[in-house]
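Read through the structure below, which is laid out as structure tokens, and then see the notes.
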Amino acid sequence: RHPLATFFHLFFRVSAIVTYLFCDWFSNSFVACFVTILLLLSFDFWSVKNVTGRLLVGLRWWNQIDEDGKSHWVFEAKRVPTIAASTEAEARIFWLGLIICPVIWTMFFFSTLFSLKLKWLALVIAGISLQTANLYGYIHCKLGGQKTISRVTSRLFGTADVLKRQSRRISEDGTEEHGKTGTR
């Protein structure tokens with residue numbers, strides 16, 4: 001169990017949202033509110049990407065730049081999922097927090113846009129971007145392992161199917177076909 005990781009997974013996310021909603025009540029300084037919320041969003045992005053995803057669900061992702069300057073996204077999942085009953089709740093908390101918060105920031109985007117509080121628009125877009133980047137990365141991690149498994153099984157069945165067809169051809173007429181030529 002990882003109660004501290006679960007706490008921080010939600011703490012920075014909820015703190016950024018609550019601060020966005022009530023910052024005007026505590027401070028008249030737009031810059032102080034902007035910087036505080038942006039720092040909370042950044043702490044959340046870093047902690048979810050580097051700590052809580054690995055501890056709570058066994059997933060992580062990162063971006064590498066190779067020697068040619070090309071960007072490569074790497075998605076990684078634990079090979080053997082060992083989610084006990086106690087950590088199943090933590091995994092649910094992880095995924096709910098990961099999905100719900102971008103939806104909330106998207107609602108903030110529309111409310112900011114329609115209320116014409118355009119000075120907050122950059123902050124809301126940053127919130128959407130950081131939250132969605134983590135969501136995108138972890139969805140690829142989660143689905144990437146399943147795609148790898150389906151690719152391996154399709155290759156295995158594809159190879160087995162090809163071998164069956166070749167063995168049928170060999171047994172039918174005693175010849176093995178390689179392309180358009182046959183050998184005996």
Side-chain angles (χ1 to χ4, degrees), residues 1-65 69 71-78 81-146:
R1 293 178 37 102
H2 306 288
L4 195 60
T6 305
F7 170 77
F8 280 109
H9 177 71
L10 295 176
F11 174 75
F12 292 124
R13 291 174 173 266
V14 172
S15 296
I17 291 169
V18 168
T19 304
Y20 177 79
L21 289 173
F22 300 114
C23 196
D24 288 338
W25 290 6
F26 300 111
S27 174
N28 292 331
S29 173
F30 169 74
V31 174
C33 292
F34 190 93
V35 170
T36 302
I37 296 167
L38 196 58
L39 282 173
L40 288 169
L41 286 169
S42 300
F43 292 154
D44 170 61
F45 179 81
W46 182 88
S47 68
V48 170
K49 182 181 167 304
N50 294 313
V51 179
T52 63
R54 190 179 325 183
L55 292 176
L56 300 178
V57 291
L59 303 171
R60 68 181 183 156
W61 63 273
W62 66 93
N63 185 341
Q64 288 181 331
I65 308 294
S71 176
H72 299 282
W73 291 89
V74 181
F75 304 101
E76 187 176 273
K78 270 188 185 175
T82 56
I83 296 179
S86 63
T87 60
E88 189 175 318
E90 292 174 345
R92 283 191 187 141
I93 290 170
F94 176 83
W95 286 107
L96 283 173
L98 204 64
I99 293 168
I100 290 172
C101 288
V103 171
I104 292 171
W105 283 103
T106 303
M107 290 188 314
F108 288 163
F109 173 79
F110 288 113
S111 70
T112 302
L113 193 62
F114 293 134
S115 66
L116 297 175
K117 294 183 180 179
L118 300 180
K119 66 181 182 180
W120 291 99
L121 202 56
L123 180 67
V124 172
I125 290 172
I128 291 171
S129 300
L130 292 171
Q131 301 281 322
T132 306
N134 263 333
L135 179 61
Y136 175 81
Y138 282 110
I139 286 175
H140 271 282
C141 288
K142 183 82 169 158
L143 297 178
Q146 293 172 355

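Keep in mind that this is a model prediction, so the values were computed, not measured. Just so you know, these numbers use all the heavy atoms, side chains as well, and skip hydrogens, waters and symmetry mates.
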Which distance, rounded to the nearest 0.5 Å, do you find between the [atom1] of [X] and the [atom2] of [Y]?
{"X": "F8", "Y": "L10", "atom1": "CZ", "atom2": "CG", "answer": "11.5 Å"}
{"X": "T19", "Y": "L39", "atom1": "OG1", "atom2": "CG", "answer": "11.0 Å"}
{"X": "T36", "Y": "L41", "atom1": "OG1", "atom2": "CG", "answer": "11.0 Å"}
{"X": "I128", "Y": "L135", "atom1": "CD1", "atom2": "CG", "answer": "12.5 Å"}
{"X": "C141", "Y": "R54", "atom1": "SG", "atom2": "CZ", "answer": "11.0 Å"}
{"X": "N134", "Y": "I139", "atom1": "CG", "atom2": "CD1", "answer": "11.0 Å"}

(message) Please evaluate residues Q131 and V103 with respect to the criterion side-chain contact (heavy atoms from CB on, under 4.5 Å), reporting the C-alpha separation (whole Å), side-chain torsions for both, the decisive distance (0.1 Å), and the verdict.
(response) CA-CA 9 Å; Q131 301 281 322; V103 171; over 6 Å; no
How far apart are the closest heavy atoms of [X] and [Y], and which atoms are they?
{"X": "F45", "Y": "A133", "result": "CE1-CB, 3.9 Å"}
{"X": "A16", "Y": "I37", "result": "O-CG2, 4.2 Å"}
{"X": "S29", "Y": "S27", "result": "N-OG, 3.1 Å"}
{"X": "W62", "Y": "K49", "result": "CB-NZ, 4.0 Å"}
{"X": "H9", "Y": "L56", "result": "CB-CD1, 4.4 Å"}

If you draw a 6.0 Å radius around [atom1] in [X], do more than 12 non-hydrogen atoms from other residues or ligands fall strictly inside?
{"X": "N63", "atom1": "CG", "answer": "yes"}
{"X": "Y136", "atom1": "OH", "answer": "no"}
{"X": "F43", "atom1": "CZ", "answer": "no"}

(message) W95 vs Y138, test: side-chain contact (heavy atoms from CB on, under 4.5 Å). Steps then yes/no.
(response) CA-CA 9 Å; W95 286 107; Y138 282 110; 3.8 Å; yes
(message) Under the disulfide bond (SG atoms under 2.5 Å apart) definition, can you give me all pairs with a residue in residues 19-51, not counting sequence neighbours?
(response)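 Matches after skipping sequence neighbours: C23-C33.
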(request) Would you please test K119 and F30 for side-chain contact (heavy atoms from CB on, under 4.5 Å) and show each step? (result) CA-CA 9 Å; K119 66 181 182 180; F30 169 74; 3.8 Å; yes
(message) Show every salt bridge (Lys or Arg N to Asp or Glu O under 4.0 Å) that has at least one partner inside residues 3-27, sequence neighbours left out.
(response)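 Pairs touching residues 3-27 that pass the test: R13-D44.
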(request) Would you please indicate yes or no on a ring centroid separation below 6.0 angstrom for F12 and W46? (result)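 No; F12 has its ring centre 6.0 Å or more from that of W46.
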(request) State yes or no: are the ring centers of Y20 and W105 separated by less than 6.0 Å? (result)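 Yes.
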(request) Decide side-chain contact (heavy atoms from CB on, under 4.5 Å) for T52 and T6; before the verdict, give the C-alpha distance in whole Å, the side-chain angles of both, and the deciding distance to 0.1 Å. (result) CA-CA 7 Å; T52 63; T6 305; over 6 Å; no
(request) Using the test salt bridge (Lys or Arg N to Asp or Glu O under 4.0 Å), find all partners of R92 that sit at least two apart in sequence or belong to another chain. (result)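 For R92, the residues satisfying salt bridge (Lys or Arg N to Asp or Glu O under 4.0 Å) (neighbours in sequence not counted) are E88.
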